[in-house]
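To keep things clear, I will list the structure first and then write my remarks on it.
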There are 2 protein chains.
Amino acid sequence: MDMEARGHSEHPQALRLWLRMLTLTQLVEKQVRTELRAQFETTLPRFDLMAQLERNPDGLKMNELSRRMMVTGGNVTGITDQLVNEGLVERVEVAGDRRAYRVRLTPRGRSLFGDMARQHENWIVAAFDGLSSSEVDALHRLLGKVKAHYKDTALETT
Amino acid sequence: MDMEARGHSEHPQALRLWLRMLTLTQLVEKQVRTELRAQFETTLPRFDLMAQLERNPDGLKMNELSRRMMVTGGNVTGITDQLVNEGLVERVEVAGDRRAYRVRLTPRGRSLFGDMARQHENWIVAAFDGLSSSEVDALHRLLGKVKAHYKDTALETT
DNA sequence: TATTGTTATACTCTATAACTATA
DNA sequence: TATAGTTATAGAGTATAACAATA
């Protein structure tokens, strides 16, 4: 009877963890969206796309952006179009493949993203202010473990 | 110079944690949405509303649902309408206040939600399968600490 | 034939604000 | 006047699928 009790009690444990993680993420995400709109008139996907480009100064192809942002290609086209219209990113031809583009930040885009990233960092630091440095590390490590294992199993479907 | 070095190095730590947490949450959430649609032809907000009602067998008022689901009132009306049309929830009059309703699961809704919740639990348990029981606890505790502190500070704006 | 990227479309979720009915 | 809930609207954000150009 120990086993039965254990079998039933272990599941809600993971479930409670998930609900807490989901709620917290939504809370922080909602605040980030609100602040991005209020202070910079932009959205999280747009910020995310620019963040990807900031990490890759040579630019990224559309399909690379699509994979990293975890959305389908059509959406990346739409977001990129907006940012191109505002002069924040540009499409550069790829030598040797006339189908593909490489999207990268313009100087103005890089500068604006710098401002946004500084603010964004402040919001995030404030959100995790309740944890000590070693607790942040512990959390980071535990989530990394989940992610590594999850990748292995969940992506079998692909 | 120790202080300056510390000041600069602490921020990316929280930032890396946030990015990892956001990515992981999106990964799990996306899978849950896909499975809910494939197996039950439903969505996460609908599942969420039913989950709230399952925890409150006497039902919840619209504004209580709105607060718990962290969305504004109009949206709750729309989702509730859908579920009423499918016979999964019902609006019950509140004695003493003819403005208010109490929304609760119908027997059919409760039964269907049971099926969904069992599957949902399996997906979540699988997602966190890489962690031991004590690691799940540790993660749960750390996130609770973030949430508690975050609530105190972030909601000052309200 | 396969791949890169775009276009067209439709649907869900969301916030905002004006509104009705009741307190 | 304030509160409970609805309605109307507009805008993100997303996936799907058909398409054009190139490989």
Side-chain angles (χ1 to χ4, degrees), chain A residues 22 25-27 29-38 40-49 59-85 89-104 157-158, chain B residues 22 25-27 29-38 40-50 59-86 89-104 157-158:
Chain A
L22 180 59
T25 301
Q26 286 174 341
L27 223 51
E29 202 180 325
K30 188 164 288 199
Q31 196 203 350
V32 170
R33 284 182 198 273
T34 303
E35 296 283 0
L36 279 177
R37 179 163 302 281
F40 299 101
E41 290 184 56
T42 195
T43 65
L44 196 48
R46 289 168 50 129
F47 178 81
D48 188 16
L49 192 151
L60 290 170
K61 293 201 302 175
M62 296 303 272
N63 57 19
E64 291 172 331
L65 275 170
S66 171
R67 188 175 47 75
R68 289 175 201 235
M69 296 175 68
M70 299 195 279
V71 298
T72 52
N75 303 308
V76 177
T77 297
I79 297 170
T80 301
D81 285 347
Q82 295 174 25
L83 295 173
V84 168
N85 287 338
V89 310
E90 58 191 351
R91 287 180 169 94
V92 184
E93 290 178 9
V94 168
D97 189 343
R98 275 159 50 195
R99 295 170 306 179
Y101 293 98
R102 196 165 278 284
V103 184
R104 71 177 180 203
T157 339
T158 317
Chain B
L22 181 58
T25 301
Q26 285 175 342
L27 222 52
E29 200 179 326
K30 190 163 284 195
Q31 196 203 351
V32 169
R33 284 183 199 273
T34 302
E35 297 284 358
L36 278 177
R37 180 162 303 282
F40 298 102
E41 290 183 57
T42 194
T43 63
L44 196 49
R46 289 167 50 127
F47 177 81
D48 188 16
L49 193 152
M50 292 179 77
L60 290 170
K61 294 201 300 175
M62 298 301 274
N63 58 19
E64 291 173 331
L65 276 170
S66 172
R67 187 175 48 76
R68 289 175 202 236
M69 296 175 68
M70 298 195 280
V71 298
T72 51
N75 303 308
V76 178
T77 297
I79 298 172
T80 301
D81 285 348
Q82 295 174 24
L83 296 172
V84 167
N85 287 338
E86 296 173 26
V89 309
E90 58 190 353
R91 287 181 168 94
V92 184
E93 290 177 10
V94 168
D97 189 344
R98 277 159 49 194
R99 295 171 306 179
Y101 293 99
R102 195 166 278 284
V103 184
R104 69 177 182 204
T157 337
T158 320

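Just so it is clear: chains get the letters A, B, ... in the order the sequence lines come, proteins before strands, and each one is counted from 1.
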Short side-chain N/O contact to D:dT3 OP1/OP2 from B:Asn63, under 4.0 Å = no
Please tell me if the side chains of B:Val92 and B:Arg104 come closer than 4.5 Å, counting only heavy atoms from C-beta onward.
-> yes
Remember a base hit wins even if backbone is also touched, and classify B:Arg102 as base, sugar-phosphate or nothing at under 4.0 Å, heavy atoms.
-> nothing
Separation of B:Thr42 OG1 from B:Arg33 CZ (nearest 0.5 Å) = 11.0 Å
Picking from C:dT6, D:dA4, D:dT6, the nucleotide nearest the side-chain atoms of B:Ala100 would be D:dA4
Can you find a pair of side-chain heavy atoms, one from A:Glu90 and one from A:Val103, that are under 4.5 Å apart?
-> no
Can you tell me the distance, in whole Å, between the CG atom of A:Asp48 and the P atom of D:dA12?
-> 17 Å
When the distance from OH of A:Tyr101 to P of D:dA23 is rounded to whole Å, what number comes out?
-> 12 Å
Student check: side-chain heavy atoms of B:Glu35 and B:Gln31 closer than 4.5 Å = yes
Nucleotide C:dT6, atom C1' - distance to CG of A:Asn85 in whole Å | 15 Å
Hey, can you pull the donor-acceptor pairs under 3.5 Å for the side chains in residues 69-84 of chain B, sequence neighbours left out?
{"residue": "B:Thr72", "atom": "OG1", "partner": "B:Asn75", "partner atom": "ND2", "Å": "3.0"}
{"residue": "B:Thr80", "atom": "OG1", "partner": "B:Val76", "partner atom": "O", "Å": "2.7"}
{"residue": "B:Asp81", "atom": "OD1", "partner": "B:Arg91", "partner atom": "NH1", "Å": "3.1"}
{"residue": "B:Asp81", "atom": "OD1", "partner": "B:Arg91", "partner atom": "NH2", "Å": "2.8"}
{"residue": "B:Gln82", "atom": "OE1", "partner": "B:Arg46", "partner atom": "NH1", "Å": "2.9"}

Flag side-chain contact, heavy atom, 4.5 Å: B:Val32 against B:Leu44 = yes
Can you give one letter per nucleotide of nucleotides 13-23 of chain C, 5' to 3': B if a protein heavy atom sits under 4.0 Å from the base, S if only from the sugar-phosphate, - if neither?
-> SBBB----BBS
Taking atom C1' of C:dT4 as reference, at what distance in whole Å does atom CG of A:Leu65 sit?
-> 13 Å
Given atom CD of A:Glu93 and atom C1' of D:dT22, what is their separation to the nearest angstrom?
-> 13 Å
Rounded to the nearest Å, what distance is computed from the CG atom of residue B:Asp81 to the C1' atom of nucleotide C:dT12?
-> 15 Å
To the nearest Å, how far apart are B:Lys61 NZ and D:dT6 P?
-> 12 Å
